[in-house]
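These notes concern the structure reproduced below.
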There are 2 protein chains.
Amino acid sequence: MDLDPRKKEVLHAIVDDYVSTFEPVGSKSLIERHGFDVSSATLRNEMADLEHMGFLEKPHTSAGRIPSDKGYREYVDSLMKVEPLSRREQAKIEENIKSSVGELKDLIKGAADTLSQATGFVSLTCSPRLKKSYLTQLKILMIEPGKALVVVVLSAGVVKDKLVRIPNFITDKQIYDISNAIEKNITGKPLDEITLITVSSALKGGSDIPDSLLNQVLYEAYAAIKQADRMDVYLEGEHRMLSLPDFSSMGRATQLLGSLADDGMVAGYLNEMEAQDKPNQDSYMIRIGQEITLEGFDDCSFITTTYNMGDGVQGNIGVIGPKRMEYSKVISQIDFVKKNLDEQIKIINE
Amino acid sequence: MDLDPRKKEVLHAIVDDYVSTFEPVGSKSLIERHGFDVSSATLRNEMADLEHMGFLEKPHTSAGRIPSDKGYREYVDSLMKVEPLSRREQAKIEENIKSSVGELKDLIKGAADTLSQATGFVSLTCSPRLKKSYLTQLKILMIEPGKALVVVVLSAGVVKDKLVRIPNFITDKQIYDISNAIEKNITGKPLDEITLITVSSALKGGSDIPDSLLNQVLYEAYAAIKQADRMDVYLEGEHRMLSLPDFSSMGRATQLLGSLADDGMVAGYLNEMEAQDKPNQDSYMIRIGQEITLEGFDDCSFITTTYNMGDGVQGNIGVIGPKRMEYSKVISQIDFVKKNLDEQIKIINE
DNA sequence: AATTAGCACTCTCACTCATCGAGTGCCAAA
DNA sequence: TTTGGCACTCGATGAGTGAGAGTGCTAATT
């Protein structure tokens, strides 16, 4: 069911107007702002049609129209045109990201901060999905009797570690042997294929440590490996949402921030989205209003894309903003931040 | 200038009432709720006195009185009586904290979450101050050519690490030697006495690596050591503030969350507070309203105390809440969480 | 000297009511 | 198919009002 060209124009204009003014737009002001050379009555008819088709809605009988979720969806899918950022904005983002030096984590955090600042919304980043990456090194470092540091090195240059407790009287040498044996056995395996069994099988019989103690060490090593896969979601700029007129009522604001406080929920939803969309690299996942199945995000949109760490390892970056946002602009902002992030990651990984 | 006993009673009652109702308290309701056997006129006189002395203020001519910052201060310093938590509340906190297993970091985060949930306010934790702790181990682990992991082990069982870049062709063996040399040289030194010079002096001449490359490695090692001292502030539960009537106006809420978003600012202020109070262990630092010299916290109070990791290493834990809070209750909550945290830390450190 | 009753005064809050204006839907004419 | 015209709807605004809670002050009482 395609819209005729004029309806498209009208919808486009209404979305633009509503996004910039946050006021229901009426037939008259539509003519004033855009150069439609038909009368207001004609527009009224068009608008009534668009409403019947579900693209617009009325807050109450005698107000202008606002876009419905479906209206925004149409706008995003076929009406808007993404334009590049101004040189000025680009420069600011570039500078910001470059100044966040350090490890991968700091870099991602820096990108998130930049994105939130640029958009004025909440930015969202998600640590890389490491299930498919494989293990290249495993070291267990004795810290003191009873305490060891397990260092897990993955393809794509990711390093994770975990401090674990081990039986008190296991020696340096023993740990060293265990560590080597495990490493030999599971190097090259994708993370999601490693199980407690795989880890343990390296060692059966080949050691002088009683099984029960050995198992404890193995378990800790296993846990450390598995933990490397943990998905960390980082949200930044929650407070910025309070300045938006969309959330100027205390009720909505409270609900939104309450929902945002639960990172786990957002993380879970992201996973779900990803499963649905099977995104190819460089594509965007966009969810508008009620398309978001989480409580409390009715007036929001999610836009995310992926950043790349090589070897097919990817994480997410994006924003959560009011559904009344300048989609084309926000998308170019995300895109530009993502590109810069990819670049910087490449640099720190050589 | 001491208050006479009745004035104390009156102030006490007013603070209690105001805290629980959030409404300016008048002479009449004061009699109703508390068993004062004087007339309302007498109380009015007392209240007028207290106002002149600066303990109370009036929102407008014809409303009841509310405590001023000075009033709260008096209340906190000499009027209130801290009572232990109910068995029920204790159990909840205990359970919550025990369920946050893992490394020190997780434990602290767990304590913060618990505290925020228990109080309904923002909780604040601060990683331990490590300046005075000394270095017990330093390992540099080769990850791949050009990349190494520096592991710093401090007294009090703290382990920190940092992924660093090193010149490409430095070998495993060389790194091992450098690491040993540095370790030998600075083990036992307090963190704040370690300088780039101290680190470097270990190695002069004793190696076959060109100075310029060596310096790069040394610098990274030094940076990794210094970074161990970084103070991390963690704030949790910002959204809870929105539910409080104290911040039910959008303006205040926005300002508060904006200020809270800047962890660095809060961290800086904590440092300042600490310097002023020279706290002995187990004492509380309390700042009420305008006593807090930060922008945006006029209606808030900070209450913090320290948690202990042994060897004199301490961090901070506390809350940021509305100054209209049940001080005695909040203090016992913080106290109880702190005790549990101390205990759990002891357990994971053996 | 401290306490109390009484009273005039102040100020906020909640409520009502009328008005205004932007916008709509629909009909009949072009 | 488009347009002008018109009656209607509904939220926002602002003024006016009365109730209620509280105060300060004064004069009488203990």
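A note on names: the letters A, B, ... follow the listed sequences, proteins ahead of strands, and every chain is numbered from 1.
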Can you measure [X] atom [atom1] to [N] atom [atom2] for me and round it to whole angstrom units?
| X | N | atom1 | atom2 | answer |
| --- | --- | --- | --- | --- |
| M47(B) | dA21(D) | CE | P | 15 Å |
| R6(B) | dT4(C) | CZ | P | 8 Å |
| K28(B) | dC7(C) | NZ | P | 14 Å |
| L50(B) | dT23(D) | CG | C1' | 15 Å |
| D37(B) | dT30(D) | CG | P | 17 Å |
| L43(A) | dT24(C) | CG | P | 10 Å |
| D49(A) | dT24(C) | CG | P | 14 Å |
| E23(B) | dA21(D) | CD | P | 11 Å |

### Task
Select base, sugar-phosphate, or nothing to describe what A41(A) touches, counting heavy atoms under 4.0 Å on all strands.
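Answer is base: heavy atoms of A41(A) come under 4.0 Å of a base.
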### Query
Hey, does S27(A) reach any base, or is it just sugar-phosphate, or nothing, if we go heavy atoms under 4.0 Å?
sugar-phosphate
### Query
Does E9(B) reach the side chain of H34(B), with side-chain heavy atoms less than 4.5 Å apart?
no
### Query
With side chains defined as the heavy atoms from C-beta onward, is the minimum distance between Y269(A) and F297(A) less than 4.5 Å?
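No, too far: nothing below the 4.5 Å cut-off.
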Could you work out which one of [options] sits closest to the side chain of [X]?
| X | options | result |
| --- | --- | --- |
| R65(B) | dG24(D), dT4(C), dC10(D) | dG24(D) |
| R44(A) | dT2(D), dC26(C), dT3(C) | dC26(C) |
| S39(A) | dT9(D), dG23(C), dT3(D) | dT3(D) |

### Query
Starting at the 5' end of DNA chain D and moving along, which residue's nearest nucleotide shows up first, P24(B) or V38(A)?
V38(A)
### Query
Taking for each residue the nucleotide of DNA chain D bearing the nearest heavy atom, is the 5' side occupied by E51(B) or by E46(A)?
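The residue whose closest nucleotide sits nearer the 5' end is E46(A).
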Measure the [atom1]-[atom2] distance between [X] and [Y] for me, rounded to the nearest 0.5 Å.
| X | Y | atom1 | atom2 | answer |
| --- | --- | --- | --- | --- |
| M47(A) | S27(A) | CE | OG | 6.0 Å |
| L43(A) | I14(A) | CG | CD1 | 8.0 Å |
| I331(A) | Y284(A) | CD1 | OH | 7.0 Å |
| E46(B) | D4(B) | CD | CG | 6.0 Å |

### Task
Stems involving DNA chain C: give each as a range paired with a range, ordered by first number, where a stem means at least three consecutive Watson-Crick or G-U wobble pairs under 3.5 Å.
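The stems that DNA chain C takes part in, listed by first number, are C:1-30 with D:1-30.
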### Task
Using only side-chain N and O atoms of K58(A), determine if any of them is under 4.0 Å from OP1 or OP2 of dG25(C).
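So the side-chain polar atoms of K58(A) do come within 4.0 Å of the phosphate oxygens OP1 or OP2 of dG25(C), strictly under.
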#### Entry: Side-chain H-bond candidate by donor/acceptor type, Y72(A) with E74(A), under 3.5 Å
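No, no side-chain donor-acceptor pair sits under 3.5 Å.
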### Query
Hey, does the side-chain of S62(A) have a donor or acceptor N/O within less than 3.5 Å of a partner on the base of dT9(D)?
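Side chain to base: pair found, below 3.5 Å.
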